[in-house]
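Working notes, structure below.
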Number of protein chains: 2
Amino acid sequence: MKPRITLKKIANEFGVSISTVSKALKDSHEISEETREKIKAFAGFYNYKPNSLALQLRNQKTSVIGVIIPEIVHHFFSTVINGIETYANEKGYNVMVCLSNESYDKEVSNISVLTNGSVDGLIVSLARETQQNQNFKHFEALIKDDFPLVLFDRVKDDLACDKVIIDDVGGAYKAANHLVEIGKRRIALLTTQDYITVGSLRKEGYLKSLVKNDIGIDESLIYKIDDKQDLYEQIKKVIFVKNPPDAILAVNEIYAANALKIAKERGLTIPNDIAIIGFTSGLISEFTSPPLTSVVQHGFLMGKQTAELLINRIEHTASKEYQKEVISPNLKIRQSTLIK
Amino acid sequence: MKPRITLKKIANEFGVSISTVSKALKDSHEISEETREKIKAFAGFYNYKPNSLALQLRNQKTSVIGVIIPEIVHHFFSTVINGIETYANEKGYNVMVCLSNESYDKEVSNISVLTNGSVDGLIVSLARETQQNQNFKHFEALIKDDFPLVLFDRVKDDLACDKVIIDDVGGAYKAANHLVEIGKRRIALLTTQDYITVGSLRKEGYLKSLVKNDIGIDESLIYKIDDKQDLYEQIKKVIFVKNPPDAILAVNEIYAANALKIAKERGLTIPNDIAIIGFTSGLISEFTSPPLTSVVQHGFLMGKQTAELLINRIEHTASKEYQKEVISPNLKIRQSTLIK
DNA sequence: AAAAATTCCGCAAACGTTTTCGTGTTTATA
DNA sequence: TATAAACACGAAAACGTTTGCGGAATTTTT
């Protein structure tokens, strides 16, 4: 790579000082018009751009936001990043993306790398492992130093920082109510292992709905899927039973789509024999047949709000108190729950 | 945010010079063990980390890779980023992601921002607008300065830089051949507007296959979809005709999934009445019914190779010549082309 | 006891920028 | 003609780090 042109080189070219060049390029009245013009012409010709690192160091500000997410090949997370990027860009920030790959160690090391001065603030969604081992020392250290930090989606409640979450309880509640309204009583829940916060919150909404609708809770209808094992086989055990449920609420799109596929394999008609709803973030639900009714999550909005909270923090326009913003999901009704 | 601890502060604490502190922390033999230990203890206690900006400025190296893609809410691009991130991380680099949103202006400004010293190299996939207006001045400027640059997927051939592309011609060729093999003759092509390179390359493969299989080319079977208009209506015109095609080759997943949906609406059986293949990058094809045969694109591998080329460039371990790596897509056969 | 070697540390430059303050020269004012 | 003002520019510090070199003090060698 060719060495970039600097103020010093321009200064040498004209036999003036660095400060003169700097001022000339900023159209300072301190510099004569003649000098100004020739310096600007020269700089323009060589496409001079101030070195960003030098500026960042001097101004003690990078205008970069660090984002750490568990994975990026995931419609929900990429949608959130899109929201973050959009808002951040409007405000003159760039985005540095790091992946924890659900690993605690990677999350810790990402945080360590990003907080060495290269970003002004951090947006994080917790790795699965972190949620599992409940070790938050790396975040507590940040908080102790008042480092601008916003958690989204997968958060830890007692950490003193801004948070943006989906109303998972409400979403599951709405979805389960909908299933009851179309006449279903034996509603199975396909959820995650307990330590995944969103999974247990959605379970909470599901239970709340059953109680409200005077439907007894049948623990045998609650299936905790293990993501590390074969999905298909696990979900098969939900449907290939003597007396299958008449509805399924799945906490994500993949579970729902698999359930749909398996139900059809068993010859059940949808939604009459069995209705299915999934939490969604992607496009799968739209293209299954029948298309799946879904709880949609507004990832873009979430990203924007997350970025907004963070930038307010960075620029000290935030209130002293930490905020927790809750985004309500929508129920998008499609044919998998549409009884004629 | 609390001010971070610096060498200077540690130096003041012990009444020694900054260089002494720096050396002590690096276990230099120039510093007495006593001084070394107390400085290290103090630094450790306050969790000292060298300021990355200062290091970057001094070393003239950021260890950051800039990535500019048209959009991120897209399975293919997020998979590529995943590959880039994985490889870059192994090599000690971080990744800064910017979105052009298919806009020429945004692409130009992203490049301008990223090349002001904040990244060591750039990975780009061209915005749609850039492909349209064929203006590559911003890249030519980079190339003139020998700035490390790698283009992937949506590339411009005559730019003098490394490139990684999918063998789109070969992929479409394979796919069309497969359709012929299962007995189809009236194969419609759902492609993009001409200026999208991948669209026209896939068209090329399609045509090549027809020629090879002695099937006459019927221009009326080639549909150029406009992404800015309603997909559903456009694709409807392909299938709701007097004499619909007996197969469809779609240049992306969404076109294919829509075609499938519409074909079913028209009461056609798949694959007997009409077989469908799509280029894919996402999960939709797996969950449609029947599942769609797809040309799969190996985005992760693409990302890794792209990052590898770039880092070799940055670290001068690359050969003088620019490389063009071609990744062959696979044909994943599913029920939409499986004739019993 | 003198010379040489070793130990321990500080100075200063370098990376590239901005900005305050100072200074010498020219021009305008009294 | 002396003084004040205006003009045009430079020096230097600051952001935080690394590192070659020099030097004082101590220790070892001859």
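Letters go in sequence order (proteins before strands), and every chain restarts at 1.
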Task: Spacing of Ile31(B) atom CD1 relative to dC11(C) atom C1', expressed in whole Å - done: 13 Å
TODO: Please work out if Leu53(A) contacts a base, only the sugar-phosphate, or nothing of the nucleic acid, heavy-atom cut-off 4.0 Å.
DONE: nothing
- [ ] Measure from CG on Leu55(B) to P on dA14(C) and round the result to the nearest Å.
- [x] 19 Å
TODO: Give me the ring orientation class for Phe76(A) and Phe152(A): parallel if the planes are under 30° apart, tilted from 30 to 60°, perpendicular past 60°.
DONE: tilted
- [ ] Calculate the interatomic distance between Leu57(B) atom CG and dC15(C) atom C1'; express it in whole Å.
- [x] 4 Å
Open item on the list: Whole angstroms only, please: what is the NZ-P distance between Lys9(B) and dA14(D)?
Closed with: 14 Å
TODO: Could you tell me whether the phosphate oxygens of dC15(D), OP1 or OP2, come under 4.0 Å of any side-chain nitrogen or oxygen in Lys8(B)?
DONE: yes
Open item on the list: How many whole angstroms separate atom NZ of Lys49(B) from atom P of dT17(D)?
Closed with: 12 Å
Open item on the list: On DNA chain C, does the nearest nucleotide to Val16(B) precede the nearest nucleotide to Asn59(B) from the 5' side, or the other way round? Give the residue.
Closed with: Val16(B)
Open item on the list: Distance check needed: dG10(D) P versus Asn12(A) CG, whole Å only.
Closed with: 12 Å
Open item on the list: On the nucleotide dG16(C), are OP1 or OP2 found under 4.0 Å from the side-chain N or O atoms that Gln60(B) carries?
Closed with: yes
Open item on the list: Which nucleotide wins on minimum distance to the side chain of Ala54(A), given the candidates dT17(D), dT18(C), dG16(C)?
Closed with: dG16(C)
Open item on the list: With a 4.5 Å cut-off on side-chain heavy atoms, are Tyr195(A) and Asn133(A) touching?
Closed with: no
Task: Residue-phosphate contact under 4.0 Å: Ser22(B) side-chain N/O, dT18(D) OP1/OP2 - done: yes
Open item on the list: For a quick check, tell me whether the side chain of Glu30(B) and the base of dC8(C) share a donor-acceptor pair closer than 3.5 Å.
Closed with: no
Task: Between CZ on residue Phe77(B) and CE on residue Met302(B), distance to nearest 0.5 Å - done: 9.0 Å
Open item on the list: Nearest heavy atom decides the nucleotide; on that basis, is Tyr48(A) or Lys23(A) closer to the 5' end of DNA chain C?
Closed with: Tyr48(A)
Task: Phosphate contact (dC9(C) OP1 or OP2) by Thr20(B) side-chain N/O below 4.0 Å - done: no
Open item on the list: Once you apply a heavy-atom cut-off of 4.0 Å, does Leu7(A) come out as touching a base, just sugar-phosphate, or nothing?
Closed with: base
Open item on the list: For a quick test of reading the model: is some side-chain N or O of Ser19(A) closer than 4.0 Å to OP1 or OP2 of dG10(D)?
Closed with: no
Task: For Leu126(B) against Lys156(B), the heavy-atom pair lying closest together - done: CD1-N, 3.9 Å
Open item on the list: Just the rounded figure in Å: distance from P of dT7(C) to CZ of Arg36(B).
Closed with: 11 Å
Open item on the list: Under the criterion side chain to side chain contact (heavy atoms under 4.5 Å, CB included), I'd like the reasoning laid out for Thr115(A) against Leu142(A): C-alpha separation, chi angles, the key distance, then a yes or no.
Closed with: CA-CA 9 Å; Thr115(A) 56; Leu142(A) 291 185; 3.6 Å; yes
Open item on the list: Rounded to whole Å, how long is the line connecting atom NZ of Lys26(B) with atom P of dG20(D)?
Closed with: 12 Å
TODO: Indicate whether OP1 or OP2 belonging to dC9(D) is found under 4.0 Å from a side-chain N or O atom of Ser32(A).
DONE: yes
